[in-house]
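Below: the structure, in structure tokens.
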Amino acid sequence: MKTQYIKPAAVKKLIKSHGKRTAAEFLLALDNYVERAIIRAASEHNGGKKTVDASVAGHTLGNR
């Protein structure tokens with residue numbers, strides 16, 4: 001299966017810079033996590049705004 005939301009090369013490069021290797025299952029799990037995070041953010045009521053902004057990201061991703 002191919003990832004849809006992440007760039008596998010960039011993820012692999014970052015992981016390799018920490019002395020680790022990347023399994024294909026990790027990339028798919030990360031891609032699924034990103035998809036769920038996007039759906040949560042898009043579903044969030046943001047005071048009637050149509051734009052998903054940093055405040056929504058902070059709320060849905062837990063980076064308040």
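Scope of the values below: all heavy atoms of this structure, side chains included, with no hydrogens, waters or symmetry mates. Fair warning: this is a prediction, and the values are worked out from it, not measured in the lab.
- Ala37 and Leu61 get closest at one heavy-atom pair: CB-CD2, 3.7 Å.
- Counting heavy atoms from C-beta on, the side chains of His59 and Glu44 come closer than 4.5 Å.
- Between Lys12 atom NZ and Ile6 atom CD1 the span is 10.0 Å, to the nearest 0.5 Å.
- Under the 4.5 Å side-chain criterion, counting only non-hydrogen atoms from C-beta, Asp31 is in contact with Gln4.
- Shortest non-hydrogen contact noted between Arg21 and Ile15 is O-CG2, 3.8 Å.
- The shortest distance between side-chain heavy atoms of Ile38 and Val34 falls below 4.5 Å.
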Notebook entry, point to check: Hey, mind stepping through Leu28 and Thr3 against side-chain contact (heavy atoms from CB on, under 4.5 Å) and telling me if it holds?
Noted result: CA-CA 6 Å; Leu28 292 175; Thr3 60; 4.2 Å; yes

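- When all heavy atoms of Ala41 and Val52 are compared, the pair lying nearest together is CB-CG1, 3.9 Å.
- Taking NZ of Lys49 as the reference point, atom OG of Ser55 lies at 5.5 Å (rounded to 0.5 Å).
- No side-chain heavy atom of Tyr5 sits less than 4.5 Å from a side-chain heavy atom of Leu30.
- If you take CG on Asp53 and CG on Asn46, they are separated by 5.0 Å, rounding to the nearest 0.5 Å.
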